Amino acid sequence: MASQSIEISRNGDPAILARLFGWGMLAVLFAFQINNVLTVGFDIPPVGSILSGEATGGTWLEVAIYVAAFAVAVLYVLRTPTTALRWDARNIHKFNVYLIRALFWSVLLVGIVDASIAFMRVEGVFVAMLGEDTARLFGKARWVGPYVHMPLVVAGFVIAAFTRTLGFTWLALMVVVAELLIVISRFVFSYEQALMGDLVRYWYAALFLFASAYTLFEEGHVRVDVLYAGFGITTRGFINAFGAIVLGMTTCWVIMGVGLNGPRSIINSPVANFEITQTGGVGMFIKYQMAAFLGLFAITMLIQFVSYFFDAVADKRDEPGHRNVAPATH
C-alpha cells in the first residue's frame, strides 16, 4: 500500500442501504459478465430480447443468473448487518489489487512471448527450426491466442497470487526498455519491425488503463475543483459518494453497455475473432487483447468505485479509519 496502514475494525454501525447498493452493484457486474460470455460464446439471446419477443430458454437462464447473483448479495448484507463499511471497502480493494496485479503479469508475459514469436515469424526462424507446417500455426492468430496467450494469462493470475506488488514499476520499466530498443535498433543497426511499436503500445495501454483503479484509491486523479480542498471530511464524503455513483459507476456501465453489447460490439467482436492489426504476420497478435483492455478498465474501475463509495459513505457518517491521502488538485 502506498498509503499509511490503518487498523480497521470489522464491526461498525449498520449501513444496510449503502451496503445493499454496493454489493448489489458488484453482483450485477458479475452476472453481466457471465451473461456476456453466454451471449457471445454460446449465441444465447441477451436479456433484452425478452422485450422483443425473441427470448429462449437460455435467455431465462441469464435472467436467473441476475436474480441469483443479486439474491446472494442481499443475503450477505442481511446476514452481516454490523460489518463496517471500511471493512467491506478494504476487502473489495484487496480483491481489485489482485485482479489488476494479475492483469499486469499477464500482459508482461504475453508481451515478451508474443514479441519473440513475431520476431521469429518475420525472420523465418520457425520455418528453419520446426518446418513449414508448424511455422504456419504460429502465423494464425486463432491458434496463437488460445494455445499461447491464454496459458500465459493463466500463469499471470497464478503468479499474482504469490506476489505482493502491483507491477506498475516493472511494466513502466519495460515500456522504457522497449522504446530504448527501438531507438538503438533503428539508429544504430538500421533495423525496425512493426512488432516493436506494437509492443510499446500494448504495454503502455495496459499501464495507463489498469493503473487507473489504483490511482483512484490513492486519490491520484486530478480534481478540477477549487472548493473541494476546503471542505471537511463529512462534506467530502458526501461529494465523493455522489460522484462515485453519478460520474464513476455510470461511466463504467456506459463503457460496458456499448462495448459488450452483443457479439458484434466493439469489444466482443475483436476478442471473439482474435483480431489482429493490418500489418498481419509481421506484427504482434495482440489487437484483440487491446480491445479487451477497455472492458477490463471499466470492470476494475467499477469495482474500485464501489470500494470508494463505501469509504465515502463512512466519511459522511464520520466513522473512524479515514485515510489521510492528499488528493491531486488543479
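The structure presented is a predicted model; accordingly, all values stated were derived computationally and were not measured.
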Do Asn91 and Phe95 touch side chain to side chain, with heavy atoms closer than 4.5 Å? no
Could you state the interatomic distance from CZ (Arg201) to CG (Leu199), rounded to the nearest 0.5 Å? 10.0 Å
Flag, side chain of Asn96 to backbone of Thr300, donor-acceptor distance under 3.5 Å: yes
Distance col, row Leu247:CG vs Cys252:SG, nearest 0.5 angstrom, shows 11.0 Å
From Lys316 atom NZ to Ile239 atom CD1, the distance as rounded to the nearest 0.5 Å: 11.0 Å
The test is side-chain contact (heavy atoms from CB on, under 4.5 Å); show your working for Val148 and Trp143 and say whether it passes. CA-CA 8 Å; Val148 177; Trp143 188 87; 3.9 Å; yes
Could you pull out all residues at least two apart from Trp253 that satisfy side-chain contact (heavy atoms from CB on, under 4.5 Å)? Met25, Val28, Leu29, Phe32, Met256, Leu302
Working note: Leu209 + Leu296, criterion side-chain contact (heavy atoms from CB on, under 4.5 Å); need CA distance, chi angles, decisive distance, verdict. CA-CA 8 Å; Leu209 293 175; Leu296 293 170; over 6 Å; no
Can I get a per-line list of side-chain donor-acceptor pairs under 3.5 Å for residues 149-157, giving both atom names and the distance, sequence neighbours left out?
from   : atom 1 : to     : atom 2 : distance (Å)
His149 : ND1    : Tyr288 : OH     : 2.7
His149 : ND1    : Gln289 : NE2    : 3.4
His149 : NE2    : Asp114 : OD1    : 2.6

Pairs satisfying salt bridge (Lys or Arg N to Asp or Glu O under 4.0 Å), at least one member in residues 259-278, at least two apart: Glu275-Lys287
Side chains of Phe210 and Phe293, heavy atoms from C-beta outward: is any pair under 4.5 Å? yes
Using distance alone, with no hydrogens and no angle criterion, decide if Glu62 and Thr39 have a side-chain donor and acceptor under 3.5 Å apart. yes
Can you find a heavy atom in the side chain of Asn268 that is under 4.5 Å from one in the side chain of Asn36? yes
Spacing of CE belonging to Met129 relative to OG1 belonging to Thr134, to within rounding of 0.5 Å: 11.0 Å
Do we get Arg101 above Trp105's six-membered ring, with its NZ or CZ under 6.0 Å from the centre and within 45° of the axis? no
Arg142: which residues meet the salt bridge (Lys or Arg N to Asp or Glu O under 4.0 Å) condition with it, sequence neighbours left out? none
So do the side chains of Val306 and Met249 get within less than 4.5 Å of each other, counting heavy atoms only? yes
Side-chain contact, heavy-atom cut-off 4.5 Å: Pro81 with Ile16? yes
Gap between atom CG of Asn11 and atom OG1 of Thr82 - 0.5 Å precision: 4.0 Å
Can you tell me how the ring of Phe208 sits relative to the ring of Tyr204, calling it parallel under 30°, perpendicular over 60° and tilted otherwise? parallel
Apply side-chain contact (heavy atoms from CB on, under 4.5 Å) to Thr251 and list each qualifying residue two or more places apart in sequence or on a separate chain. Ile255
Distance from Phe104 atom CZ to Leu207 atom CG, nearest 0.5 Å? 5.5 Å
Are more than 12 heavy atoms, taken from residues, nucleotides or ligands other than Phe30, located less than 6.0 Å from that residue's CZ atom? no
Checking the side chain of Arg121 only, and the main-chain atoms of Gly283 only, is there a donor and an acceptor separated by less than 3.5 Å? yes
Residues which pass salt bridge (Lys or Arg N to Asp or Glu O under 4.0 Å) with Arg19, listed by chain and number, not counting sequence neighbours: Asp88
If Ile, Leu, Val, Met, Phe, Trp and Tyr residues are connected whenever their side-chain heavy atoms lie under 4.5 Å apart, and connections chain through other members, are Met301 and Val258 in the same group? yes
Decide if atom CZ of Arg317 counts as having more than 12 heavy atoms of other residues, nucleotides or ligands within a radius under 6.0 Å. yes
Would you say that more than 12 heavy atoms from the other residues, nucleotides or ligands in this model lie under 6.0 Å from the CZ of Phe242, or not? no
Quick check: is Met284 connected to Phe126 through a chain of hydrophobic side chains (ILVMFWY, heavy atoms under 4.5 Å apart)? yes
Using the rule given for side-chain contact (heavy atoms from CB on, under 4.5 Å), can you reason through Phe21 versus Ile245, listing the C-alpha separation, both sets of side-chain angles and the distance that settles it, and then say yes or no? CA-CA 10 Å; Phe21 175 80; Ile245 297 173; 3.8 Å; yes
Let me see the working for Trp23 and Ile92 under side-chain contact (heavy atoms from CB on, under 4.5 Å), right down to the final yes or no. CA-CA 10 Å; Trp23 284 107; Ile92 293 171; 3.9 Å; yes
